[in-house]
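Numbering of ligands and ligand atoms starts at 1, following listing order.
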Amino acid sequence: MIRLAAGPEALSQTAAELIASRARETVARRGRFSVALAGGSTPRGTYERLARSPLRDQVPWERVHVFWGDERCVSPDDPRSNQRMARRALLDHIPLPSTRIHPIPCEDEPAAAARRYEKELHGFFAPGPPVFDLVLLGLGGDGHTASLFPGDPALRERDRWVAAVRKPGEDFARLTLTLPLLNRAAQILFLVSGGGKAAILAKVLEGPPGRLPAQLVAAGAAEVCWLVDRAAAGKVSGVSLQAEDEGR
Ligand code: 6PG
């Protein structure tokens, strides 16, 4: 499904509302809500809105478990850290016990860190299947999502849930959830904002399928929602865009 927001603020507001309502519904139904957060810059506005009333007071935080879809293997205080962004925008402002926040420490030995995180995920989901209630994802200009980059061997991973990867040109490693885990999510919410993403979004949604990481993630999951703003959707044609409340 594609949902259209007027601009970045409307996108953040809509995303925050979707997450809050999903959390409430899931906790009411199953007693807990597991979410894998996206990194990068797009989700920041969404996290900030979740950290403020009224939405902050509408989420049963005591039943929420927070993971990450990927992390850069840098210090948690490093401005490039996805954990740091989420803590400053959201986690430091809500009543969520640290025992329910599952960061991906990986500054040393990324491969061993991947195994550790995978063990933590196994422990969390056992004895049931590893199904996140919600996975938030962004879209990179090359079609990557989480830290699954085009051509990376991690895209061919069929058993492991976490992989250590390197983005070409970066001097630090990354850890990323892999397709076997991402594609089992109950719901995936992509957040895509800005004219800079128009070309790649059109390619992902209307180009040949099965080539770009974001396509591979979307193809497998139970329920995928693309929440995009008008600028990002600028080159998407022939797709029924469900317009959001334009007034936001
Ligand atoms: C990361 C993210 C990555 C991000 C996209 C979009 O750690 O970099 O997981 O997949 O979501 O690159 O990034 P922006 O939101 O900054 O455009």
Tell me whether Ile101 is reachable from Val74 by hopping between hydrophobic residues (I, L, V, M, F, W, Y) whose side-chain heavy atoms are closer than 4.5 Å.
no
Does a side-chain N-to-carboxylate-O contact under 4.0 Å join Asp133 and Arg30?
yes
Closest heavy-atom contact between Leu177 and Leu182?
O-CD1, 3.7 Å
Which atom pairs, donor and acceptor, lie under 3.5 Å between side-chain atoms of residues 148-159 and protein residues at least two apart or in another chain?
| residue | atom | partner | partner atom | Å |
| --- | --- | --- | --- | --- |
| Asp152 | OD1 | Ala154 | N | 2.8 |
| Glu157 | OE2 | Asp159 | N | 2.8 |
| Glu157 | OE2 | Arg160 | N | 2.7 |
| Arg158 | NH1 | Leu155 | O | 3.2 |

Are His102 and Trp68 an aromatic pair by the rule of ring centers under 6.0 Å?
no
A quick test of your reading: do over 12 heavy atoms of other residues, nucleotides or ligands sit less than 6.0 Å from CZ of Arg87?
yes
Kindly tell me which protein residues have any non-hydrogen atom under 4.0 angstrom away from an atom of ligand 1, grouped by chain and ordered by number?
Gly39, Gly40, Ser41, Thr42, Asp70, Arg72, Asn82, Gly138, Leu139, Gly140, His144, Thr145, Ala146, Arg174, Lys197
